[in-house]
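Along the sequence shown, the residues carry numbers beginning at 1. Computation of the quantities below employed the complete heavy-atom set of this structure, encompassing side-chain atoms and omitting hydrogens, waters and symmetry-equivalent molecules.
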Amino acid sequence: MVGLSRTMSMLWENIDMSNQVSICIPPKLDLCDSSYSFLANMQKQIMENKNSEISLDFRNTYFVHAIYIAFLGGMLRLGNGNKFHIIVNHKSELYCYMKKSGLYEYLINSNDTFINDNAIPFSEIHMDEDSIFLYINKILELAPITLSEAAEQFLFKNIYEIFSNSADHSEAQNGVYACGHWMPKKKKLVFSVYDTGIGIPTVVKQKHDNNLTSSEAVKWALKTGNSTKQLYDGTPRGLGLSDLLEF
């Protein structure tokens with residue numbers, strides 16, 4: 001897959017899907033087990049197909065939580081050689097949110113800017129100093145609290161470690177993606193990171209204890225001081241996830 005702009009088609013009306021794999025997205029993707037399970041199964045289905053045409057049909061979908069935007073964009077970039085058709089009603093709130101979050105511009109390689117002031121724009125994360133500095137500052141600027149200089153440096157360091165871990169620990173071969181949103185009515189700031197690597201459970205089990213379940217592996221990674229890196233070089237690490245969870 002050589003860039004989404006060359007293989008992605010955004011379609012706003014019905015298409016002939018007789019020769020395609022079609023996946024109908026449920027009406028609501030919220031923070032619940034059923035949504036997580038659906039997206040995990042969708043990714044599994046996409047990865048089991050290769051060099052196919054896959055339609056993701058959002059016409060009956062009225063809500064997708066902001067944390068899933070990074071997942072959707074990153075998964076489509078990972079792609080597995082497939083060509084994707086995104087079917088969505090251009091009058092829907094979901095279509096508007098695709099524009100507000102920056103996902104729209106990314107998928108169709110548009111130069112138009114629709115991103116609103118409350119968005120942490122959907123982006124492929126590059127770990128060069130200028131890019132990551134600006135992106136993390138955007139997250140902190142939207143935080144619904146006033147931060148002291150020390151607190152801002154503390155959060156910056158730990159958010160940076162999340163991106164660094166995503167690029168390094170996961171062995172991501174097709175990039176790291178992030179997106180988020182400040183929701184004024186709910187007074188809540190959310191952002192998520194999607195890497196195209198092997199995932200936290202796999203890394204922990206490979207380098208620490210292969211007998212752990214995936215759930216246990218994630219819980220291990222969230223404990224202060226736990227890091228698969230320190231198992232090899234003896235350097236204290238693993239503060240980012242636990243500090244952010246506590247904060």
Exercise. Quick one: do the Ser214 and Lys205 side chains pair a donor with an acceptor below 3.5 Å?
Worked result: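 Per modelled atom types, Ser214 and Lys205 side chains form a pair under 3.5 Å.
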For this session: Would you confirm whether Ser123, through its side chain, and Pro121, through its main-chain N or O, come within 3.5 Å as a donor-acceptor pair?
Result: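 Yes, the answer is positive, given that a donor and an acceptor are paired below the 3.5 Å cut-off.
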For this session: Indicate yes or no for a side-chain donor-acceptor contact from Glu216 to the backbone of Thr213 under 3.5 Å, with no hydrogens or angles considered.
Result: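 Pair found, side chain donor or acceptor close to backbone of Thr213.
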Within a radius of less than 6.0 Å around [atom1] of [X], do more than 12 heavy atoms belonging to other residues, nucleotides or ligands occur?
| X | atom1 | answer |
| --- | --- | --- |
| Asn60 | CG | no |
| Asp33 | CG | no |
| Asp128 | CG | yes |
| Glu124 | CD | yes |

Exercise. Who else is in the cluster with Phe63 when I, L, V, M, F, W and Y are joined by side-chain contacts under 4.5 Å?
Worked result: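 ILVMFWY cluster around Phe63 also holds Tyr62.
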Side-chain heavy atoms of [X] within contact of [Y], under 4.5 Å:
| X | Y | value |
| --- | --- | --- |
| Asn89 | Tyr95 | no |
| Lys28 | Ser35 | no |
| Leu103 | Cys179 | no |
| Ile132 | Tyr160 | yes |
| Ile23 | Asp57 | no |
| Leu56 | Phe58 | yes |
| Tyr36 | Leu31 | yes |
| Phe163 | Val193 | yes |

Say you draw a straight line from [atom1] of [X] to [atom2] of [Y]; how long is it, rounded to the nearest 0.5 Å?
| X | Y | atom1 | atom2 | answer |
| --- | --- | --- | --- | --- |
| Ser101 | Lys99 | OG | NZ | 11.5 Å |
| Arg59 | Ser92 | CZ | OG | 12.0 Å |
| Glu152 | Ser148 | CD | OG | 8.5 Å |
| Ile25 | Leu39 | CD1 | CG | 7.5 Å |
| Glu105 | Met98 | CD | CE | 11.5 Å |
| Leu76 | Phe84 | CG | CZ | 5.0 Å |

Of all heavy-atom pairs between [X] and [Y], which one has the smallest distance, and what is that distance?
| X | Y | answer |
| --- | --- | --- |
| Cys24 | Phe38 | O-CZ, 3.6 Å |
| Asp209 | Asn211 | OD1-N, 2.9 Å |
| Phe71 | Met42 | CE2-CE, 4.0 Å |
| Asn82 | Ser52 | OD1-N, 2.8 Å |
| Leu189 | Ile139 | CD2-O, 3.6 Å |
| Trp220 | Val204 | CE3-CG1, 3.7 Å |

Exercise. Would Ile54 and Lys83 satisfy side-chain contact (heavy atoms from CB on, under 4.5 Å), going step by step from the backbone distance to the final call?
Worked result: CA-CA 6 Å; Ile54 297 178; Lys83 180 177 180 180; over 6 Å; no
Exercise. Less than 6.0 Å separating the ring centroids of His126 and Tyr135?
Worked result: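 No - the distance between ring centres of His126 and Tyr135 does not fall below the 6.0 Å cut-off.
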Problem set entry | Glu161/Lys157 ion pair, N-O < 4.0 Å |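 Looking at Lys157 together with Glu161, the answer is no, because their closest N to O distance does not fall below 4.0 Å.
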Exercise. Under the ring pair (Phe, Tyr, Trp, His ring centres under 6.0 Å) criterion, do His181 and Phe191 qualify, and how do the steps go?
Worked result: CA-CA 6 Å; His181 214 79; Phe191 76 95; over 10 Å; no
For this session: For side-chain contact (heavy atoms from CB on, under 4.5 Å), just list the numbers for Asn116 and Lys100, CA-CA rounded to whole Å, side-chain angles, deciding distance to a tenth of an Å, and then say yes or no.
Result: CA-CA 5 Å; Asn116 72 1; Lys100 290 178 180 178; 3.7 Å; yes
For this session: Any side-chain hydrogen bond (donor to acceptor under 3.5 Å, both in side chains) involving residues 187-197? Give me the pairs, sequence neighbours left out, ordered by first then second residue.
Result: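 Checked against side-chain hydrogen bond (donor to acceptor under 3.5 Å, both in side chains) - neighbours excluded - the pairs reaching residues 187-197 are Gln43-Tyr194.
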For this session: On the 0 to 90° scale, with breaks at 30° and 60°, tag the Phe133-Phe156 ring pair as parallel, tilted or perpendicular.
Result: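 Rings of Phe133 and Phe156: tilted, 30 to 60°.
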For this session: Check whether Leu140 and Leu134 end up in the same hydrophobic cluster, where Ile, Leu, Val, Met, Phe, Trp and Tyr are linked by side-chain heavy atoms less than 4.5 Å apart.
Result: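 Different clusters: Leu140 never reaches Leu134 through Ile, Leu, Val, Met, Phe, Trp or Tyr contacts under 4.5 Å.
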Exercise. What's the verdict on side-chain contact (heavy atoms from CB on, under 4.5 Å) for Ile120 and Val190, showing C-alpha distance, side-chain angles and the deciding distance?
Worked result: CA-CA 9 Å; Ile120 302 167; Val190 299; over 6 Å; no
